[in-house]
Asks: 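My questions all concern the structure below.
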Amino acid sequence: MTKEQKTALVTPELPRGLIDRQAADIAATEAMMAKIRAVYELYGFEAVETPFIEYTEALGKFLPDQDRPNEGVFSFKDDDERWLSLRYDLTAPLARYVAENYERLPKPYRSYRAGWVFRNEKPGPGRYRQFMQFDADTVGASSPAADAEICMMAADCLEALGIKRGDYVIKVNNRKVLDGVLEAIGLGGEENAGRRLVVLRAIDKLDRLGVAGVRALLGPGRKDDSGDFTKGAGLSSDQATQVLNRIAFGVRSDVGGRGGTMVIGNATSQGDLPLGHDLGIQGISELAEIERLVRVSGYGDDRIRIDPSVVRGLEYYTGPVFEAELTFETPGEDGKPIRFGSVGGGGRYDGLVARFRGEKVPATGFSIGVSRLLAALRAIKSPIVGAALKAGPVVVVALDRKDHMADYQRLVSELRNAGIAAELYLGEGGMNAQLKYADRRGSLCAVIQGSNERDAPSGRQVVIRDLVLGAELAKASKDRADYLELRQRAQQTVPEAELVARVRDVLDRHRG
RNA sequence: GCCGCCAUAGCUCAGCUGGUUAGAGCGCUAGAUUGUGGAUCUAGAGGUCCCCCGUUCGAUCCGGGGUGGCGGUACCA
């Protein structure tokens with residue numbers, strides 16, 4: 001190849017943060033999603049699907065400037081100069097859908113949907129620019145019963161996927177509680193919105209940074225190990241203590257055992273909630289109601305637990321927030337333990353639909369991070385994703401391609417008509433290459449017919465080769481003669497009429 | 001965005017204090033085998049040593065810049 005030709009070639013490369021999915025990944029994902037779907041439908045949610053693309057303004061406050069689309073969102077202009085964007089979650093499109101079809105939908109409207117979402121941000125370990133979410137939402141129900149149901153359903157999903165009780169927890173908190181605390185320490189009002197956000201972010205890091213780290217972030221700021229400085233919220237020591245008392249105690253008792261209780265009414269040494277702030281009280285009573293409902297349904301605090309430190313980054317949450325967390329650790333390839341952490345989250349967003357309709361429409365929902373959950377299921381060797389690998393088709397070897405392709409085609413058709421996945425080898429390779437091909441396809445069985453079988457005195461024969469048995473026997477071979485002999489034992493020559501029956505024998509032998 | 005580490009065959013990695021033909025294992029292709037994948041042996045193919053600029057008689061190696069990957073951190077609707 002000349003240099004000119006080479007430089008003219010297009011480099012086959014994927015943009016960063018994107019990945020290809022192969023047969024095993026797809027099969028595992030689909031097996032997993034089937035389980036989730038079954039749980040959602042058991043709870044009475046119905047499917048709905050919206051497109052990948054929405055008008056940018058429908059997705060939220062992230063309106064692009066005149067020429068520069070908003071960072072983090074893939075955006076482009078339509079023919080008519082309107083901005084379009086790829087969705088970055090499934091909640092905003094649902095809000096648009098509900099608002100647009102409001103009169104037609106039964107209320108409360110309970111729906112689920114799965115799909116790809118896109119974020120144009122720096123990819124990291126397990127973070128991609130295209131990933132899949134699986135959401136369920138109840139729109140039009142303000143009762144904490146709707147929130148409680150979402151939490152129970154999340155727990156059911158994880159268990160349906162083979163995650164053992166105790167290996168996960170659904171944590172529940174309420175934005176109103178946090179807002180109440182912030183109000184109490186003088187951070188209420190529009191002018192403090194920015195600082196409130198900083199405080200919430202700090203609280204969100206409690207599990208990773210610990211109390212001391214969060215205290216630093218609530219105060220002047222924190223310098224991390226890499227030397228990067230994060231500006232803090234600038235609270236006084238007293239204010240920081242109040243915030244930490246509110247949130248940290250529950251977490252500490254979680255670590256020690258069952259706990260995380262919140263107390264309604266009087267301030268206690270545990271909660272230290274300042275009285276007289278209606279928002280916080282309301283939040284706590286909602287949490288208490290959620291807790292009561294899930295407990296009577298048999299969900300103990302080993303599955304669903306109030307945790308005052310759960311924040312969730314999304315600003316549109318207005319009440320209860322949920323986080324599904326995997327609590328187990330598993331050794332990674334380098335031996336270091338891996339924690340998967342959050343595999344899903346959600347909450348109440350009473351204001352999202354209101355953006356379109358003016359009136360408030362209460363809504364609550366939950367979103368499962370499909371890819372991350374899949375990685376976790378693989379780590380614990382869940383049969384749901386492991387068994388999803390399908391065996392390859394029966395491969396009919398094509399030996400005398402000049403004169404007998406029709407014979408082979410007939411054999412393949414016979415198998416297919418019997419409902420057996422089968423294919424005729426269509427390449428140029430010899431017999432060696434063809435069996436190798438069958439091996440790489442993960443086939444359980446190969447069918448061979450050459451002149452010996454075709455012209456057998458007793459009538460047409462076929463060789464049925466058991467590829468799995470052959471592989472097992474080969475492991476036991478001591479020398480070449482032995483190897484050749486064992487090889488013969490993995491196959492049988494049968495009349496052509498028995499093709500389907502004998503192939504089925506082999507397949508049945510090796511299928512679970 | 002910020003800090004750090006890394007980049008040599010399809011994969012995992014050696015190597016060269018700067019010097020003719022850059023290696024291994026695995027994988028791949030083929031032969032040993034009228035017509036048999038996976039064992040074993042043999043052979044073969046496969047590389048702009050990430051890119052650009054500089055230093056040098058000479059750079060895969062040294063310096064600068066870039067790109068990409070990894071780890072941490074920040075952001076994450």
Side-chain angles (χ1 to χ4, degrees), chain A residues 1 3 6-7 11 13-17 56 58-63 70-73 85 87-93 95 117-127 129 197-198 201-202 204-205 208-209 213 217 221-231 312-317 333-334 336 345 349 352 355 392 395 397-400 425 428-454 463-491 493:
Chain A
M1 187 178 296
K3 198 171 183 179
K6 219 163 188 181
T7 51
T11 311
E13 63 178 344
L14 212 45
R16 67 203 183 108
T56 301
L59 290 181
K61 54 176 189 167
F62 297 88
L63 296 174
N70 202 278
E71 253 178 83
V73 183
S85 292
R87 63 189 183 189
Y88 52 76
D89 69 13
L90 296 177
T91 310
V117 301
F118 306 83
R119 294 188 188 178
N120 191 11
E121 53 192 30
K122 184 191 144 190
R127 290 181 59 169
R129 296 203 291 176
L197 205 58
V198 177
R201 280 178 200 149
D204 201 26
K205 296 181 176 59
R208 198 155 43 82
L209 302 181
L217 283 174
R222 174 178 176 272
K223 193 170 194 168
D224 63 54
D225 297 338
S226 68
D228 200 16
F229 182 77
T230 309
K231 200 166 176 296
R312 303 290 303 163
L314 283 75
E315 273 178 74
Y316 56 64
Y317 289 132
E333 280 172 24
D334 52 1
K336 272 188 271 179
Y349 49 98
L352 257 194
R355 290 181 46 241
V395 170
V397 172
L399 286 180
D400 309 303
Y425 178 80
E428 308 294 321
M431 188 163 182
N432 240 312
Q434 299 192 37
L435 283 162
K436 201 162 197 161
Y437 170 80
D439 188 41
R440 293 183 61 173
R441 292 297 307 274
S443 302
L444 303 175
C445 180
V447 173
I448 304 164
Q449 186 182 62
S451 57
N452 291 359
E453 292 77 23
R454 205 161 36 236
V463 171
I464 311 294
R465 180 162 182 79
D466 182 333
L467 296 170
V468 178
L469 180 59
E472 277 167 22
L473 292 176
K475 276 185 211 141
S477 71
K478 298 182 201 62
D479 53 37
R480 209 187 128 56
D482 188 38
Y483 168 69
L484 290 175
E485 200 235 293
L486 287 174
R487 188 160 78 180
Q488 286 307 307
R489 273 208 261 149
Q491 63 188 42
T493 304

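Because the structure is a prediction, the values reported are computed rather than measured. In the text below, chain A, chain B and the rest are named by the order of the sequence lines, each starting its count at 1.
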Asks: Measure CG/A:Leu484 against P/B:U33 and give the value in whole Å, please.
Replies: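 Taking atom P of B:U33 as the reference, CG of A:Leu484 is at 9 Å.
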Asks: Heavy atoms only, 4.0 Å cut-off, all strands: where does A:Gln449 land among base, sugar-phosphate and nothing?
Replies: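 If one applies the 4.0 Å heavy-atom cut-off, A:Gln449 turns out to touch nothing in the nucleic acid.
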Asks: In terms of side-chain heavy atoms of A:Ala433, which of B:A30, B:C76, B:A39 is nearest?
Replies: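 Minimum distance to the A:Ala433 side chain belongs to B:A30.
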Asks: With a non-hydrogen cut-off below 4.0 angstrom, is A:Ser443 in contact with a base, only sugar-phosphate, or nothing?
Replies: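 Nothing: the residue A:Ser443, judged by heavy atoms under 4.0 Å, touches no strand.
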Asks: Side chain of A:Gln488 only, heavy atoms from C-beta on: which candidate in B:G35, B:A77, B:U36 is closest?
Replies: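 In terms of side-chain proximity for A:Gln488, the closest of B:G35, B:A77, B:U36 is B:U36.
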Asks: Starting from C1' on B:A74, measure out to CZ on A:Arg201 and report it in whole angstrom.
Replies: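 Spelled out: CZ on A:Arg201 to C1' on B:A74 is 9 Å.
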Asks: Roughly, in whole Å, what's the span from CG in A:Asp439 to P in B:G27?
Replies: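 That distance rounds to 12 Å.
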Asks: Specify the separation, in whole Å, of atom OH of A:Tyr483 and atom P of B:U40.
Replies: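 Taking OH of A:Tyr483 and P of B:U40, I get 10 Å after rounding.
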Asks: To the nearest Å, how far apart are A:Phe118 CZ and B:A77 P?
Replies: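 Interatomic distance, CZ of A:Phe118 to P of B:A77: 18 Å.
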Asks: Once hydrogens and angles are ignored, does a donor-acceptor distance under 3.5 Å link the base of B:G35 to the side chain of A:Gln491?
Replies: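 By the distance-only test, no, there is no pair.
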Asks: Which part of the nucleic acid, if any, lies within reach of A:Glu472 when heavy atoms closer than 4.0 Å are counted: base, sugar-phosphate only, or nothing?
Replies: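 Counting heavy atoms under 4.0 Å across all strands, the contact made by A:Glu472 includes a base.
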Asks: Using Watson-Crick and G-U wobble pairs with both distances under 3.5 Å, what is the 5'-to-3' dot-bracket string of RNA chain B, with [ ] for crossing pairs and | for pairs outside the strand?
Replies: (((((((..((((.....[...)))).(((((.......))))).....(((((..]....))))))))))))....
Asks: Within less than 4.0 Å of OP1 or OP2 of B:U67, is there a side-chain N or O belonging to A:Arg16?
Replies: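 For A:Arg16, the contact criterion (side-chain N or O under 4.0 Å from OP1 or OP2 of B:U67) is not met.
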Asks: Tell me whether the side-chain N or O atoms of A:Arg465 pair up with the base of B:U36 as donor and acceptor below 3.5 Å, since no angle test is needed here.
Replies: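 Between B:U36 and A:Arg465, which were checked side chain against base, a qualifying N/O pair under 3.5 Å is present.
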Asks: Quick one: which of B:A77, B:U73, B:C28 gets closest to the side chain of A:Arg119?
Replies: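 Nearest to the side-chain atoms of A:Arg119, counting from C-beta on, is B:A77.
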Asks: Return the set of residues passing ring pair (Phe, Tyr, Trp, His ring centres under 6.0 Å) with A:Tyr349 (not counting sequence neighbours), or none when no residue passes.
Replies: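 So A:Tyr349 forms a ring pair (Phe, Tyr, Trp, His ring centres under 6.0 Å) with A:Tyr316.
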Asks: A:Lys231 side chain N/O closer than 4.0 Å to the phosphate oxygens (OP1, OP2) of B:U73?
Replies: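 Checking A:Lys231 against B:U73: no side-chain N or O falls below 4.0 Å of OP1 or OP2.
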Asks: Check this one for me: any side-chain N or O of A:Arg208 less than 4.0 Å away from OP1 or OP2 of B:U73?
Replies: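 Answer yes for this pair, as a side-chain N or O of A:Arg208 is under 4.0 Å from OP1 or OP2.
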Asks: Please indicate yes or no: is the ring centre of A:Tyr316 less than 5.5 Å from the centre of the six-membered base ring of B:A77, with the two planes inclined by under 30 degrees?
Replies: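 Here the ring of A:Tyr316 and the base of B:A77 are not stacked, as the 5.5 Å and 30° limits are not both satisfied.
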Asks: Expressed in angstrom and rounded to an integer, what is the separation of A:Leu435 atom CG from B:A30 atom C1'?
Replies: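 Going from CG in A:Leu435 over to C1' in B:A30 covers 16 Å.
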Asks: Rounded to whole Å, please give me the gap between CD in A:Glu453 and C1' in B:U34.
Replies: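 These atoms are roughly 12 Å apart.
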Asks: In whole angstrom, give me the gap between the C1' atoms of B:U56 and B:G64.
Replies: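 Looking at atom C1' only, B:U56 and B:G64 are 16 Å apart.
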Asks: How many Å lie between CG on A:Leu197 and P on B:A74, as a whole number?
Replies: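 About 14 Å, once rounded to whole Å.
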Asks: Between A:Lys436 and B:A30, is there a side-chain N or O to OP1/OP2 distance below 4.0 Å?
Replies: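 Answer no for this pair, as no side-chain N or O of A:Lys436 is under 4.0 Å from OP1 or OP2.
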Asks: Looking at every strand, decide which applies to A:Asp89 at a 4.0 Å heavy-atom threshold: base, sugar-phosphate, or nothing.
Replies: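 Since no nucleic acid heavy atom lies under 4.0 Å of A:Asp89, the category is nothing.
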